[in-house]
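Structure, as structure tokens:
Atoms within a ligand are numbered from 1 in the order they appear, just like the ligands themselves.
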Amino acid sequence: MSTFYITTPIYYVNDIPHIGHAYTTIMADAITRFRQAEGHQTYFLTGTDEHGQKIEKSAEAQGITPKILADRVVERFKDLWRVLDIRYDRFIRTTDADHVAGVQHLFRKVLEKGDIYPGDYRGHYCVSCEGYVPETAPEAASGNKICADCGKETELLTERCYFFRLSAYEERLLCFYKDNPDFIRPASRMNEVVSFVKMGLKDLSITRSTVKWGVPVPDDPEQTIYVWFDALSNYITALGYPDATADFARFWPADLHVMAKDILRFHAVYWPAFLMAADLELPRKELIHGWWLKDEKKMSKSRGNVLDPHILLKYFPADAIRYFLMREAPIGADANFSHQGFITRINTELTNDWANLISRVGGMVSRYFSNRFPGQADYSAAEEELREDYLELENEVRSHFDAYAFNRGLERIMEYVNRLNRYIVESEPWKMAGQETLQPRLEAVLKTLVRAILSANALLAPVIPRSAARVREFFNHAGEGFGWKDPGEKFAVRDVEPLFPRVDPKQFFAEELQDSHPSPSPKEAQMNEKPQTPEGVISFDEFKKVRMVVARVVAAEKVEKTDKLLRLTVDTDSDTRTLVAGIAQYYTPEELVDRKIIIVANLQPATIRGIESRGMILAASDKDGRPYIPVIPEETPVGAIMR
Ligand code: MSP
């Protein structure tokens, strides 16, 4: 049996899983299931990338150890993968002991070979992206210390470290790309990689002395292995590397690494070079998909525009999310996530077209035949055509899936589903039902529909596995493979829960907005004209009652005989008023004078320590009650209203 080894990137644990991560992982899962249906023995790897400065800092900010942070976030990834029916073979964590040992082995091997050597590195380092600004980048040459990728400020660092002799692999990499033109899919990404390598490769610093949270360099514990050398190695350590008798022997080289374009260079340049240095085989293919955007920007935690799949999961089965993500975006292209688009797609294709077809056909089979086809079908050319169309469809869909063009494959399946719906209308089975002589025709029509549904269902199964199993259950059908299906001896129409119940967009928007506060598109806002306000939710009108105004602090002083209170005199443009605020332990009067703040201006006055306080200063508060007064852009006019 041929094997198929597929991986997702291992996700950072300073982020919680969102639609973007789900996209890659669902894609890898659908590919795995498709390969299984084709008869491959598969191994599907996913996991988490837990080392490095970013995680260290995130944990520090939360007052916990990096390991505790990782343990928590790992559970969230695993939970989501369970809910989304992701069937992985291993969930690797870079803190797993076997991974750590494997990385150290790889490091030592390349060191002994002479392709890792000690030296000094000086450069602008971006903590957020865990990388130095490349010296070839224009911003490095011009001395600009802003990271081009994330826009954050970089730090100038000099450190003793180990380098990987990447420069020695330039020619070999170019030869490899030439000999394996399909290595990167889509092809446009391959061109990007080749141009990058042709610009010249510099040796790569692959250890850090400044980062403590990482895999220690063997025999040099002051140094930790740079997160990308550590992370990329997961693809082999997960299989037991360096133990050549384990799964490693069976599954390496990987058949497919799946990822988004943001980490292409690491996978298409560094990773093959590391493997060449270790005399290991190179992965066969890398599939590079685009980004899911929200409001035209890449979904990411730092931008605060991520979509939590759990919100959709409150209304839709996991298969709806799986279907939408695979159906909507052409591989390689970016796609903007719209809730409206999501609901319309699911309600139209899965509910109206697919689920209704199944329940209509099932209903007619029970009504007209009490679940048993007598076996006297009288087929006409129309049914034969449906069968032939199906066989053609199967070929096409399989070749689309084979090329990972799920959107095109699914589009074709839906065309066929619509064709079946039309066929019902055209053949009018309800008119045959009462007529004795037409029973064989009626049987032929309904049996063909059942066969077509079961066959199309097998094609849909890699993408929507749970509902595909339900369809099989509905018709009491066991076979999972492809082909023109026969209902079989055990055929029966059974009672199952409706497949994709229609979701009311109005209800969805009312609740969805409550959960995630996205800025609705005009269309969404329109649908949301009359939101219901369940308990704990306020309407926009209620929100508008709170009058928040930008004010300038004109004077500030400590309230006598208290540690905590400051008396502020503020100018709101329409008046000058006094406020008492419990912030004296964190802000001095001097630093507040002249500063712009936001106050709740229409709060009922309260007398505190004999002073009438007319309003409240807005500040964020952490779990210990420490206030953080927001910074208002200097140009904001005093008196401006917050909304
Ligand atoms: N830890 C590294 C990967 C190491 S692999 C050896 C990393 N982690 S990550 O958490 O940032 O995940 C990046 C990957 O998550 C992307 O390559 C992509 O697969 C997925 N996505 C994250 N956000 C995404 C979108 N907005 N859209 C599509 N995919 C997204 O990089």
Open item on the list: Considering Phe266, Trp271, Tyr235, Tyr270 one by one, which has a heavy atom nearer to atom 6 (C) of ligand 1 than any of the others?
Closed with: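 Among Phe266, Trp271, Tyr235, Tyr270, the closest heavy atom to atom 6 (C) of ligand 1 comes from Tyr235.
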Task: Ion pair check, Asp255 and Arg35, cut-off under 4.0 Å - done: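 No salt bridge links Asp255 with Arg35.
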Task: Asp71 bridged to Arg93 by N-O distance under 4.0 Å - done: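 Yes.
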Task: Verdict with reasoning, Tyr404 to Phe34, per ring pair (Phe, Tyr, Trp, His ring centres under 6.0 Å) - done: CA-CA 10 Å; Tyr404 310 123; Phe34 173 65; 8.1 Å; no
Closest approach of any protein heavy atom to [atom], naming residue and atom:
| atom | answer |
| --- | --- |
| atom 3 (C) of ligand 1 | Ile10 O, 3.2 Å |
| atom 11 (O) of ligand 1 | Tyr12 CD1, 3.4 Å |
| atom 23 (N) of ligand 1 | His18 CE1, 3.3 Å |
| atom 20 (C) of ligand 1 | Thr24 OG1, 3.5 Å |
| atom 24 (C) of ligand 1 | Gly20 CA, 3.5 Å |
| atom 26 (N) of ligand 1 | Trp292 O, 3.1 Å |
| atom 12 (O) of ligand 1 | Tyr11 CD2, 3.5 Å |

Open item on the list: Evaluate Phe406 against Phe401 for ring pair (Phe, Tyr, Trp, His ring centres under 6.0 Å), listing each step before the verdict.
Closed with: CA-CA 5 Å; Phe406 281 96; Phe401 284 6; 4.7 Å; yes
TODO: Side-chain contact test, heavy atoms from C-beta onward, threshold under 4.5 Å: evaluate it for Val269 versus Tyr177 and give yes or no.
DONE: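 In short, these two side chains touch, coming nearer than 4.5 Å.
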Distance only, no hydrogens: is a donor on one side chain within 3.5 Å (strictly under) of an acceptor on the other, for [X] and [Y]?
| X | Y | value |
| --- | --- | --- |
| Arg87 | Gln36 | yes |
| Tyr323 | Ser467 | no |
| Gln340 | Ser338 | no |

Residue [X] vicinity, atoms of ligand 1 by number, heavy atom under 4.0 Å:
| X | answer |
| --- | --- |
| Ala231 | 6 (C) |
| His21 | 10 (O), 15 (O), 22 (C) |
| Asp49 | 1 (N), 2 (C), 4 (C) |
| Gly290 | 28 (C) |

Open item on the list: Taking 4.0 Å as the limit for heavy-atom contacts, which would you say applies to Lys261 with ligand 1: side chain only, backbone only, both, or neither?
Closed with: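 Looking at Lys261 and ligand 1, no heavy atom falls under 4.0 Å.
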Task: Mode of Asp262 contact toward ligand 1 - side chain, backbone, both, neither (heavy atoms, under 4.0 Å) - done: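 The answer is the side chain of Asp262.
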TODO: Assess Ile263 for proximity to ligand 1: is some non-hydrogen atom of it under 4.0 Å away?
DONE: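 It does; at least one heavy atom falls under 4.0 Å.
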Task: Pro9-ligand 1 polar pair, N/O distance under 3.5 Å - done: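 No; every N/O pair is 3.5 Å or more apart.
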Open item on the list: Please report whether ligand 1 has a polar contact with Met259, defined as an N or O pair separated by less than 3.5 Å (distance criterion only).
Closed with: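 There is no such contact.
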- [ ] Taking the six-membered ring for Trp and the single ring otherwise, decide whether the centroids of Tyr270 and Phe164 are under 6.0 Å apart.
- [x]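 Not under 6.0 Å, so no.
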Open item on the list: Taking salt bridge (Lys or Arg N to Asp or Glu O under 4.0 Å) as the criterion, tell me which of Arg108, Arg165, Arg172 meets it with Asp115.
Closed with: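 With Asp115 as partner, salt bridge (Lys or Arg N to Asp or Glu O under 4.0 Å) holds for just one option, Arg165.
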Task: From Asp203 atom CG to Leu201 atom CG, the distance as rounded to the nearest 0.5 Å - done: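 One gets 9.0 Å once the value is rounded to the nearest 0.5 Å.
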